[in-house]
Amino acid sequence: MIARDVSAPFKIAFLSCRSYRYASTMADVIDSMLDLMRRLPPPRTEENVAALVGICPEDADELLQSVDQPLQVKVDRATGREYLACDYNRDGESYRSPWSNDYDPPLDDGAVPSMKMRKLEIQANEAFDTYREMYYEGGVSSVYLWDPEDPSGGGSFAGVVVLKKTMTPASAYEPSGSWDSIHVFETVERGRQAHYKLTSTVMLHLVTRKGGESDKAAQANADKKGPEGWKRDGEVSLSGSMTRQTEQDWPLHETASHISNIGRMIEEMEIKMRNLLQEVYFGKTRDIVYDLRSVDDLEKARRQKELQKELVGFIKR
């Protein structure tokens, strides 16, 4: 994938953002920003979102809630454990840790779950920490729950399970990548059953490199130009996101049953999305590349096929 400078269309598309505001509603501005985000390179999502926030700061909260960004890894100062920062544990410029329930930077009036919800949140974090170790063998996971807006909602609540795994290359020519999973769920209790609605998003970023001694001079020149002033020969970048939804009913024996029920749904969804990425998206990409440029000599392959047909004809005689 060739690096592109998106500053020109970016500035042109939103140069009249403020004047456009007077002729359109807030929803129109948000839709325009989201439409632009779908056309910009996925690896630069954070950079592009920051630029949009700078252009239309009054729409920052709604934009941040609408765009899935790569998860950030932070460290809980109280416990020393890592957790993931996303829009679901953000309050202003602070992020709440699922381990200590504290905000960083400290926030006196930050939103926190009720005692009942906090107890379930602690159990869920421990459970998905085990799930992370089973399927990711590393990485970071976090679970955040919040109470229903209507206090009379009974057993209804919502939450999010986020997981991140990053592969850091040991040298400049080894592959790198990251996997970010965001699973947002809503729960409604119905007697001895619970109805779950799950929305899962996977963001995948892969970079493969094939270089040698000849790249050292290019890297020396790149240090002078800046990190985006060059791209190493043989480097391929593939990135994107996928979102899927599902709704299911599961038996509810006790409050802790929510954790196992949600865990099964997320496990099934991640396996399906993982297979879909491998079989459909990567498989289709491979087929397109082979159709565009064959690895072998096509003329030689054609002659081999003709020879096979002649041999089959002789055998039939």
Side-chain angles (χ1 to χ4, degrees), residues 37 43-54 56-133 136-149 157-168 176-186 199-203 205 241 258-259 262-263 266:
M37 287 298 302
R44 303 178 65 176
T45 298
E46 294 175 287
E47 176 186 344
N48 295 330
V49 169
L52 287 175
V53 170
C56 300
E58 55 271 31
D59 298 322
D61 287 340
E62 188 168 355
L63 178 65
L64 292 173
Q65 293 175 8
S66 304
V67 177
D68 291 319
Q69 300 185 65
L71 303 165
Q72 301 177 15
V73 179
K74 292 184 175 294
V75 178
D76 189 328
R77 297 182 180 181
T79 63
R81 301 184 67 173
E82 292 182 330
Y83 68 96
L84 295 174
C86 59
D87 188 65
Y88 299 97
N89 67 322
R90 179 180 65 89
D91 194 333
E93 299 298 326
S94 300
Y95 294 92
R96 182 175 67 88
S97 167
W99 305 116
S100 64
N101 208 29
D102 295 334
Y103 276 91
D104 184 21
L107 194 64
D108 295 332
D109 56 348
V112 294
S114 63
M115 293 296 294
K116 177 183 177 181
M117 200 58 53
R118 174 60 183 158
K119 181 180 179 181
L120 187 63
E121 184 181 75
I122 294 174
Q123 295 175 348
N125 272 282
E126 295 295 343
F128 277 97
D129 192 54
T130 303
Y131 170 88
R132 171 198 57 77
E133 190 62 33
Y136 290 83
E137 292 186 346
V140 185
S141 66
S142 296
V143 182
Y144 303 102
L145 305 181
W146 53 88
D147 298 278
E149 296 182 0
F157 67 95
V160 62
V161 178
V162 288
L163 302 109
K164 183 181 184 71
K165 174 72 177 291
T166 302
M167 182 174 65
T168 305
S176 62
S178 63
W179 171 291
D180 296 75
S181 293
I182 304 176
H183 304 279
V184 183
F185 60 88
E186 299 176 7
T199 303
S200 299
T201 299
V202 170
M203 291 175 284
H205 178 56
S241 63
H258 286 301
I259 300 175
I262 295 169
I266 291 177

task: With the side chain counted from C-beta on, respond yes when M115 and R118 share a heavy-atom pair under 4.5 Å apart, and no when they do not.
output: no
field: Exercise: identify the closest heavy-atom pair between L145 and M117
entry: CB-CG, 3.7 Å
query: To the nearest 0.5 Å, what is the distance between OG (S141) and NE2 (H183)?
result: 10.5 Å
- prompt: What pair of heavy atoms forms the shortest contact from M37 to L52, and how long is it?
  reply: SD-CD1, 3.7 Å
Residue pair P98 / F128, side-chain heavy-atom distance below 4.5 Å: no
- line: By ring pair (Phe, Tyr, Trp, His ring centres under 6.0 Å), Y103 pairs with (sequence neighbours left out) none
statement: d(M203 CE, I182 CD1) to nearest 0.5 Å is 3.5 Å
statement: Sequence neighbours excluded, the answer for salt bridge (Lys or Arg N to Asp or Glu O under 4.0 Å) partners of R81 is E126, D129
field: For N89 against L84, the heavy-atom pair lying closest together
entry: ND2-O, 3.4 Å
- prompt: Quick one: does E93's side chain get under 4.5 Å of L107's, heavy atoms only?
  reply: no
- line: side chain to side chain donor-acceptor pair (under 3.5 Å) filter on T199, not counting sequence neighbours, yields Q245
- prompt: Residues two or more places apart in sequence or in another chain: which of them pass side-chain contact (heavy atoms from CB on, under 4.5 Å) with S100?
  reply: D76, A78, T79, S97, D102
- line: So ring pair (Phe, Tyr, Trp, His ring centres under 6.0 Å) across residues 64-90, not counting sequence neighbours, yields Y88-W146
query: Under 4.0 Å between a Lys/Arg side-chain N and an Asp/Glu carboxylate O for K164 and E82?
result: no
message: Is the shortest side-chain heavy-atom distance between R96 and D91 below 4.5 Å?
response: no
- prompt: Which value, rounded to the nearest 0.5 Å, describes the distance between C86 atom SG and K74 atom NZ?
  reply: 11.5 Å
- line: Taking every heavy atom of Y136 against every heavy atom of S181, the minimum-distance pair comes out as OH-OG, 3.5 Å
message: According to side chain to side chain donor-acceptor pair (under 3.5 Å), who are the partners of T45, at least two apart in sequence or on a separate chain?
response: none
- prompt: Side-chain contact, heavy-atom cut-off 4.5 Å: R90 with D87?
  reply: yes
- prompt: What is the minimum heavy-atom distance between G138 and K165, and which atoms define it?
  reply: C-CD, 4.0 Å
- prompt: Which atoms form the tightest heavy-atom contact between A60 and V53, and what is the distance?
  reply: CB-CG1, 3.8 Å
query: With a 4.5 Å limit on heavy-atom distance, are the side chains of D180 and Q69 in contact?
result: no
query: For V143, does its backbone N or O pair with a side-chain atom of N125 as donor and acceptor, under 3.5 Å?
result: yes
- prompt: What's the spacing between E121 CD and S114 OG if we round to 0.5 Å?
  reply: 10.0 Å
